[in-house]
Amino acid sequence: MTEPARLTALLRRWHDRRRLWAGLALAAALTVAWGSLVPGDALPRSLPWDKLNHFLGYAAIAGLSGLAGLRLTLAFAAAALFGVAIEFAQISVPGRFGGDPADILANALGAGCAVLVLWGLRRRIMR
């Protein structure tokens with residue numbers, strides 16, 4: 001078997017583990033929700049790379065949801081809407097500032113990049 005064929009077979013095997021991806025997507029969403037809704041005084045004074053954290057968290061949620069079997073457009077929409085909901089839920093959390101448009105944008109960009117990468121991988125392994 002050639003190296004590209006071997007890589008394609010490996011990707012296909014990992015792609016088809018829907019229950020694993022669904023469990024990891026749920027764990028990612030719960031982790032993001034917990035980290036986003038904990039009161040501000042329970043967090044370190046400054047978190048480095050705030051927008052990168054948003055980007056990566058929502059990329060994980062969207063990408064894992066897509067791997068779990070959601071259509072990619074639905075995985076993106078669900079992750080992006082979850083990000084908006086979390087941002088507005090933060091408004092009522094002491095010591096947190098919710099509704100930040102830059103955070104919402106970072107969330108949506110992370111979700112969008114994840115589904116685009118997954119779309120590209122699917123095109124490769126489904127040939």
Side-chain angles (χ1 to χ4, degrees):
M1 184 181 291
T2 66
E3 193 61 34
R6 189 172 297 151
L7 177 61
T8 299
L10 176 68
L11 288 173
R12 188 180 304 253
R13 244 190 344 267
W14 275 98
H15 181 271
D16 291 339
R17 296 176 183 222
R18 296 194 190 287
R19 286 187 187 149
L20 169 68
W21 303 128
L24 290 173
L26 178 61
L30 291 173
T31 301
V32 166
W34 176 81
S36 299
L37 299 175
V38 69
D41 60 359
L43 294 172
R45 287 232 182 264
S46 67
L47 292 172
W49 304 90
D50 176 56
K51 300 307 179 252
L52 181 61
N53 291 333
H54 282 269
F55 182 93
L56 294 174
Y58 287 89
I61 293 169
L64 292 167
S65 296
L67 285 168
L70 281 181
R71 284 193 335 249
L72 294 181
T73 53
L74 183 57
F76 168 76
L81 290 174
F82 182 65
V84 170
I86 290 290
E87 280 300 314
F88 284 100
Q90 277 184 337
I91 292 172
S92 63
V93 177
R96 300 300 293 262
F97 304 102
D100 182 3
D103 286 350
I104 293 170
L105 178 62
N107 299 344
L109 287 173
C113 284
V115 298
L116 285 174
V117 166
L118 188 52
W119 175 78
L121 285 173
R122 284 181 178 171
R123 283 182 49 100
R124 177 185 172 94
I125 65 175
M126 298 304 174
R127 295 193 247 174

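The shown structure was predicted, so the numbers you read here are calculated from the model rather than taken from an experiment. Along the sequence shown, the residues carry numbers beginning at 1. Side-chain atoms are counted along with the backbone in the values below, which use heavy atoms only and exclude waters and symmetry mates.
The side chain to side chain donor-acceptor pair (under 3.5 Å) pairs that include a residue from residues 101-118 are Lys51-Asp103, His54-Asp103, His54-Asn107, where partners are two or more places apart or lie in different chains.
When all heavy atoms are compared, the tightest approach of Ala28 to Leu64 is CB-CD1, 4.2 Å. Between Val93 and Pro39 the shortest heavy-atom distance is CG1-CA, 3.6 Å. Contact record, Ala75 with Ser65: CB-CB, 4.0 Å, taken as the closest heavy-atom pair.
In the hydrophobic clustering, Leu30 connects to Leu26, either directly or through intervening members, whenever side-chain heavy atoms lie under 4.5 Å apart.
Partners of Leu118 according to the side-chain contact (heavy atoms from CB on, under 4.5 Å) rule, which considers only residues two or more places apart in sequence or in another chain, are His15, Leu67, Leu72, Arg122. Partners of Ala68 by side-chain contact (heavy atoms from CB on, under 4.5 Å), not counting sequence neighbours, listed by chain and number: Trp21, Ala22. Every residue two or more places apart in sequence or in another chain that forms a side-chain contact (heavy atoms from CB on, under 4.5 Å) with Phe55 is listed here: Leu109, Cys113. Applying the side-chain contact (heavy atoms from CB on, under 4.5 Å) rule to Ala77 yields no partners; only residues at least two apart in sequence or on another chain are considered.
When the side chains of ILVMFWY residues are joined at heavy-atom separations under 4.5 Å, either directly or via intervening members, Leu24 and Phe82 end up in two distinct hydrophobic clusters. Clustering ILVMFWY residues whenever any of their side-chain heavy atoms sit less than 4.5 angstrom apart, transitively, puts Trp34 in a cluster other than the one holding Leu37.
Tested against Ser36 for a side-chain contact (heavy atoms from CB on, under 4.5 Å), the candidates Thr31, Asn53, Ile86 yield a single pass: Ile86.
Within 6.0 Å of the CZ atom in Arg71, the count of heavy atoms belonging to other residues, nucleotides or ligands does not exceed 12.
Taken to the nearest 0.5 Å, the CD1 atom of Ile104 stands 10.5 Å off from the CG atom of Leu81.
Between Trp119 and Val115, every side-chain heavy-atom pair lies at or beyond the 4.5 Å cut-off.
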